Amino acid sequence: MNLNNKYFLIYFLLFFTSVSFAQQTKEIASDSTKVENLDEVIITATRTIRQLSSLPLPAQIISKKDIKQSNSVRLNDILNEQTGLITVPDFGGGEGIQLQGLDSQYTLILVDGVPLVGRSAGTLDISRVTIGNIKQIEVVKGASSSLYGSEALGGVINIITETPKNGFYGNANYRVGSFNTNDISTTLNYKKKKFGVTTFFNRYSSEGYDLDTSDDLKTVDPFSNYTLNAKVTYDFSDKTDLLISGKYYTQNQDYNASTTLKGESELNEWNTHLKLSHTYNEKWSSYFEFYATRYKAKDFLNNEDGSRFSDSYYNQLLIRPEIRATYNPTEKNAFIGGVGFNHETLDRTDFLIKPEFNSPYVYLQYDGKFNEKLNLILGARFDSHSKYKSQFSPKAAVRYEFNERLSIKGSAGYGFKAPDFRQLYFDFSNATVGYTVLGYNAVSTAIPKLEAQGEIANIIVPLSEFENELNTENSISMNLGVDYKLSSEIKLGVNLFRNNIDDLIDTRIIATKTNGQSVFSYYNVNKVYTQGLEFNASWKPINQLKITGGYQLLFAKDKDAEKAFENGEVFARENPSSPSFQLKKEDYFGLYNRSRHMANLKVFYNIPKWNLDTNIRGTYRSEYGLLDSNGNDYLDTYDDLVDGYAIIDFAVNKTFYKNYQLGFGIDNIFDFTDTQNISNIAGRIIYGKLNIQF
């Protein structure tokens, strides 16, 4: 911890040094021409084109320019550098995004406005997404089920990819780095008159890495994956246009569970997206959208003699048609509404049945400006479902602009997450250890079977408790923010947030087995909350220099746990041989895998006369807990916590002859690793990059 604190201090020393340097540069170049930044536009927050600066919701945009200059290659790389976002690994090796302290299963991930699938363990692995053809990334925080339904309980991240532009051009990009990591991509674009097409290809591979040399296994096994994406547009007229896009992704990876159990895993994903848009007149427009996607995963393990030890598979299909219409009765008022239908199936190992979900939905939103200062958004969505209770999701947001410098905004909304296939239909028994995990709907059938086989020693939770439906997780999300322009160069923003989650789905022991192991299942029990504040600042003293920073303060706690600490029901020991003592309310640390403090700082500097840009970027995460180490079933200040750490990255890019660019960078400059607790930070990565435009 002390070593990383030193790096953190160095990091912020660099910030103040850069501020001083910028002030000197500003004085030297005081006569240089300033270029006023154009307001960025965002689509995800309201499903209409809005200026980010005028939006009454907490949202942010990650621009293509920032992505390119940072030399990032995967989605997890760039999201880790944003305020209030952190990627956390799951037990399967994937990386999910934590937003405002909410687990990755509560954040909806979209590509061009349609969802990705493949949450095999509740986490959608965002490291499988390449960013080589991304136009911008939009992040909306707070419950967004009023527009997007289930899984948008905590927020939405929308990855918007490039569409065809006039002319013919392309690029080729190659990056090679530590651990024999290779990223190769190419883009071709053509558009003339009514027809346009763009294609993108990416290959990403690595030999993996090993954080623990005490055994013969790697932390991440070698892998290679391919992404192929294409978009076709056709403008029938000035009022009618068609977009068809498709994507294919495949990955192959070594799968080594032990020195004697080795195999492979394979992923395949495809999606197709069709959108036909039509403008009737100045007030009315609509479009029809059809989306289909399939995610397949399979893996196997063989014994040393080559015989098969295990096989598993996962096959998820989503089909979604939707019709949407927009009505603008005046320039200051807009209505948007839509009707759609989700058809979803899943076939996977260890499932009692092959489940099928059908969910029609309808939504409506009003966006009005009563005057130049006041903007109000009201929206709601109704989701019906074949397997759980219908959901009504309202939301309201308001923004008031006091003057050109100061504005205040607030929003409140209802979010929900339906029980997933795994929580309902899982029927898994671990062949090695012997425990069993059952989905809620599988209990009433599976427990009698286990009893008949003589495997149940004691039923702890009666089967009668599984006669009703497993409730959807739901939340009330509130955000209150202030935006202030200190000057044309300095912008500040503060957002206070609170998410109250009810009917949280958790696991519990429902029976014991004759082998001494347990049977687990899912149930609604916990009421938790996450609350805190986010602070963002940007400073652009001259056109060549941009400095941005952010900070999140987070409190994430279980309400029942708080009561237990308040009532003096929780005890701990300094060590196994010492007597136990009563813990106080302030000893409760909170939910697992949440840090109280997170911060980021980025300095981008361009030297136009040299055709060179450079940047240094850093993130900090304070201590957090992964497990209860003193046996009282809670995370408290006397548990063994993971030390806080700082990661600092550096990149520089030089352009030659307009069309050629060389890049160099170091990610994780100070080579931070935690071999026991953090599996997704590999250590120092040194890389070089070549980009050719044609």
Side-chain angles (χ1 to χ4, degrees), residues 34-67 78 81-85 99-100 135-142 144 147 155-160 326 328 331-334 336 365-379 395-413 479-497 533-543 545-552 600 602 604:
K34 294 259 180 90
V35 178
E36 190 69 24
N37 288 329
L38 297 176
D39 285 331
E40 297 175 297
V41 295
I42 186 170
I43 299 172
T44 310
T46 62
R47 286 199 168 181
T48 57
I49 298 175
R50 285 290 306 266
Q51 287 186 351
L52 178 64
S53 60
S54 68
L55 195 68
L57 300 165
Q60 66 188 94
I61 289 176
I62 308 169
S63 69
K64 183 178 183 67
K65 182 179 179 181
D66 286 353
I67 294 172
I78 198 71
E81 299 179 357
Q82 312 308 314
T83 304
L85 303 182
L99 186 154
Q100 287 188 346
K135 180 181 179 181
Q136 68 182 37
I137 301 170
E138 301 178 353
V139 181
V140 180
K141 299 176 180 178
S144 301
L147 282 177
V156 178
I157 296 175
N158 191 11
I159 300 108
I160 299 175
T326 303
N328 299 89
E331 292 183 358
K332 295 183 178 181
N333 296 276
I336 182 171
Q365 177 182 268
Y366 167 71
D367 186 351
K369 290 186 177 181
F370 295 96
N371 51 51
E372 296 299 323
K373 296 181 179 294
L374 181 63
N375 177 211
L376 174 67
I377 293 178
L378 297 173
K395 186 169 186 174
V398 63
R399 179 180 183 271
Y400 186 80
E401 185 176 302
F402 292 95
N403 51 52
E404 292 183 355
R405 291 191 173 187
L406 178 64
S407 63
I408 186 171
K409 57 188 178 184
S411 63
N479 287 268
L480 178 64
V482 176
D483 293 326
Y484 183 66
K485 294 182 181 179
L486 189 62
S487 65
S488 60
E489 298 90 5
I490 302 176
K491 298 179 182 179
L492 307 174
V494 177
N495 183 60
L496 304 174
F497 64 87
L533 67 84
E534 296 170 330
F535 171 75
N536 285 287
S538 66
W539 182 34
K540 193 170 184 179
I542 57 175
N543 291 332
L545 178 65
K546 181 178 72 171
I547 302 172
T548 64
Y551 167 76
Q552 177 183 267
N600 67 83
K602 289 166 277 190
F604 291 86

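Keep in mind that the numbers below use all heavy atoms, side chains included, and drop hydrogens, waters and symmetry copies. Nothing here was measured: the structure is a model prediction, and the numbers come from that model. The first residue of the sequence shown is numbered 1, and numbering continues consecutively from there.
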Please check if the side chain of [X] supplies one atom and the backbone of [Y] the other of a donor-acceptor pair under 3.5 Å.
X	Y	result
Asn328	Glu331	no
Glu534	Gln100	no
Thr44	Ile42	no
Glu138	Ala45	no
Asn333	Lys369	no

Side-chain touch [X]/[Y], heavy atoms, less than 4.5 angstrom:
X	Y	value
Ser144	Lys395	yes
Arg50	Ile377	yes
Gln365	Arg47	no
Phe535	Leu492	yes

Q) Does NZ belonging to Lys373 count more than 12 external heavy atoms closer than 6.0 Å? A) yes
Q: Check whether more than 12 heavy atoms from other residues, nucleotides or ligands sit under 6.0 Å from atom NZ of Lys64, and answer yes or no.
A: yes
**Q.** Side-chain H-bond candidate by donor/acceptor type, Thr548 with Asn536, under 3.5 Å
**A.** no
Q) With the threshold set at 4.0 Å, does a side-chain nitrogen-carboxylate oxygen contact exist between Arg399 and Asp483? A) no
Q: Indicate yes or no: does Lys602 engage Asp66 in a salt bridge with an N to O separation below 4.0 Å.
A: no
